[in-house]
**Q** 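So that we are looking at the same thing, I have put the structure below in structure tokens.
We name chains A, B, ... by the order of the sequence lines, and we start the count at 1 in each one.
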There are 2 protein chains.
Amino acid sequence: MATGRTHRPATRSRGIPEATVARLPLYLRALTALSERSVPTVSSEELAAAAGVNSAKLRKDFSYLGSYGTRGVGYDVEYLVYQISRELGLTQDWPVVIVGIGNLGAALANYGGFASRGFRVAALIDADPAMAGKPVAGIPVQHSDDLEKIIQDNGVSIGVIATPAGAAQPVCDRLVAAGVTSILNFAPTVLTVPDGVDVRKVDLSIELQILAFHEQRKAGEEAAAHTDGSGPAAVTRPGSDDSADQGPDGDVPAVMPA
Amino acid sequence: MATGRTHRPATRSRGIPEATVARLPLYLRALTALSERSVPTVSSEELAAAAGVNSAKLRKDFSYLGSYGTRGVGYDVEYLVYQISRELGLTQDWPVVIVGIGNLGAALANYGGFASRGFRVAALIDADPAMAGKPVAGIPVQHSDDLEKIIQDNGVSIGVIATPAGAAQPVCDRLVAAGVTSILNFAPTVLTVPDGVDVRKVDLSIELQILAFHEQRKAGEEAAAHTDGSGPAAVTRPGSDDSADQGPDGDVPAVMPA
DNA sequence: ATGTCTTTGTGAACGCGTGCACAAAGATGG
DNA sequence: CCATCTTTGTGCACGCGTTCACAAAGACAT
């Protein structure tokens, strides 16, 4: 996933492993679907299949939360929905601000998944004065001059950054200074934050590049049957006496911008 | 992050660990920035700082690719850009289709990061007949009836799903049947695919829930100083004789839809 | 040529996450 | 009440990923 994975030093938060926390939303989603179909109980095997994980892993994950199952029967769906919601902190209201209302920011503002689970879009913020006052997803965009006031007035602790890469770090700094302690970053930049602030990264470009890697590998393995020489041929290294500006191989293909 | 983490069984692809592959795009981005500033060489320490990782980790990562550094000096920026690009398969052209041109799909189509690194939006596909022919990001939207033909005509092997959750699995099945072997999924669903197909997941809702968990933990630790009783109080379990429809605690707060 | 100094590349230890396999627990039927 | 059967909860082993720490390698000055 996205992925973006892991900025935190894998600090086991109150005994619950980070990997388990990352899977709880998956379980919760599957359980909610069962709940809507009025299914009373579910076995670890069934639920694991619905969530796309190993059943042993699921049972171990739940064991970190407590003994919530009944042997011979399974798990009470409603009860487990509540327990996981509580553990994830979804029984309370989380006001969220989105900074950077471009194409992506607007799409996020319109995303239904926000409102459903305790998350509420408290404000939309953009640096473009022309955007100010214009409603997006029914919420008027506010100018970034008022960022600090917006954060404090609404008691926001979670911020979403959907700005261009260049603006991300300054915006992040202001968010943190204003009291935000969790950031979801969509800008293609590494954010630097003080201790105690959590950052999660969602990066489309990185995900695609990872897919491309595996795609290439699959294609390479397949082609290896036909033509040989797919192995990494020994390439000339940039010698100390070589000119530095030109690519070392002479045929460096299109070093792309940005 | 995105996440999304890990659907593959951690198959070490040609000796390069999955965790390393996931970091290569980060290094590449930092290196590209250095290249634009015409920096000739960079040390592992500097590059690691720019990419937000440990320098030892970076060196080990690069050691999987080969010995591309020069002791006492560092790494040749241009050379490394080329090597990583080649390793990730970015020296070739990857046509991509986006299925589901709603708010998110349109935002993705407009995203600049696509075009820059070998990825090319070959087609936009939507199930809504009213969308057909309408240009988004300069590309006319095509109807999903023609999905198979579009995939095959353009030789597409990477598909992006930005449909509602309900449509995701059927779309996925059709993409795979048409020859797509890598999928980036933005729909909040677990996709089932045959062996040999890679899926990466980007899920806004999950990322927010993970942040909420840590946010709650931070708030709880802070509040523990003032009022006690923040520890998980023993809650009544759903007894076998209890009615099943109602939540076990009697005050299950707003089990949310979807 | 030789010594010094910087930086890489990697062996080794450690910790986390995963999955197996099974004992314990409880439901269910007689 | 007892036997059987299902399913949970978990001890254990294994493998991957991370980090430390250092030897090897090369640049550079003298």
**Q** Grab the CG-P distance between B/L47 and C/dG9 for me, whole Å please.
**A**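 It works out to 12 Å between those atoms.
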**Q** May I have the distance from A/D61 (atom CG) to C/dG17 (atom C1'), rounded to whole angstrom?
**A**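 Rounded to the whole Å, the gap is 10 Å.
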**Q** Taking for each residue the nucleotide of DNA chain D bearing the nearest heavy atom, is the 5' side occupied by A/K60 or by A/R71?
**A**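 Comparing both residues, the 5'-ward one is A/R71.
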**Q** Which nucleotide, C/dG17, D/dA27, D/dT18, lies nearest any side-chain atom of B/V73?
**A**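 Nearest listed nucleotide: D/dA27.
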**Q** Hey, is the side chain of A/S44 poking within less than 4.0 Å of OP1 or OP2 on D/dT8, counting only N and O atoms?
**A**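 For D/dT8, OP1 or OP2 has a side-chain N or O of A/S44 closer than 4.0 Å.
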**Q** Answer with base, sugar-phosphate or nothing: what part of the nucleic acid does B/Y75 contact at a heavy-atom distance below 4.0 Å?
**A**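 If one applies the 4.0 Å heavy-atom cut-off, B/Y75 turns out to touch the sugar-phosphate alone, with no base involved.
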**Q** Taking atom types as modelled, is there a side-chain donor on A/T41 or A/D76 under 3.5 Å from an acceptor on the other?
**A**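 Side chains of A/T41 and A/D76: no pair found under 3.5 Å.
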**Q** Counting only side-chain nitrogens and oxygens, does A/R23 get under 4.0 Å of the OP1 or OP2 atom of C/dT18?
**A**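 Yes.
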**Q** Atom CG of B/L58 to atom C1' of C/dT8: distance rounded to whole Å?
**A** 11 Å
**Q** Side chain of B/K57, heavy atoms from C-beta onward: which of D/dT8, D/dT18, C/dC20 has the nearest atom to it?
**A** D/dT18
**Q** Tell me: CZ of A/R59 to P of C/dA21, nearest whole Å?
**A** 13 Å
**Q** Out of D/dT7, D/dA27, D/dA21, which has the shortest distance to the side chain of B/A56?
**A**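 Minimum distance to the B/A56 side chain belongs to D/dA21.
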**Q** Locate the shortest heavy-atom distance separating B/E215 from A/W94; write the atom from each residue and the value.
**A** CG-CZ3, 3.3 Å
**Q** So, taking the atom named CG in B/L31 and the one named CG in B/L80, what distance separates them when rounded to the nearest 0.5 Å?
**A** 5.0 Å
**Q** I need the CG-C1' distance between A/N54 and C/dC20, as an integer number of Å.
**A**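 The answer, rounded to whole Å, is 9 Å.
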**Q** Within this structure, what is the CG-to-C1' distance between B/D76 and D/dA27, rounded to whole angstrom?
**A** 15 Å
**Q** Any chance the rings of B/Y68 and B/Y75 have centres within less than 6.0 Å?
**A**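 They do not qualify: ring centres at least 6.0 Å apart.
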**Q** Return yes if a side-chain donor-acceptor contact under 3.5 Å exists between A/R59 and A/S44, otherwise no.
**A** yes
**Q** Are B/Y64 and D/dC16 close enough that a side-chain N or O sits under 4.0 Å from OP1 or OP2?
**A**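 So the side chain of B/Y64 is outside the cut-off, no N or O lying under 4.0 Å from OP1 or OP2 of D/dC16.
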**Q** DNA chain C: B/E45 or A/G72, which has the more 5' nearest nucleotide?
**A**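 The 5'-side residue here is B/E45.
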**Q** Whole angstroms only, please: what is the OH-P distance between A/Y68 and C/dG26?
**A**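 So the OH-P distance, A/Y68 to C/dG26, works out to 17 Å.
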**Q** When the distance from CD of B/E46 to P of C/dT6 is rounded to whole Å, what number comes out?
**A**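 Value for this atom pair: 14 Å.
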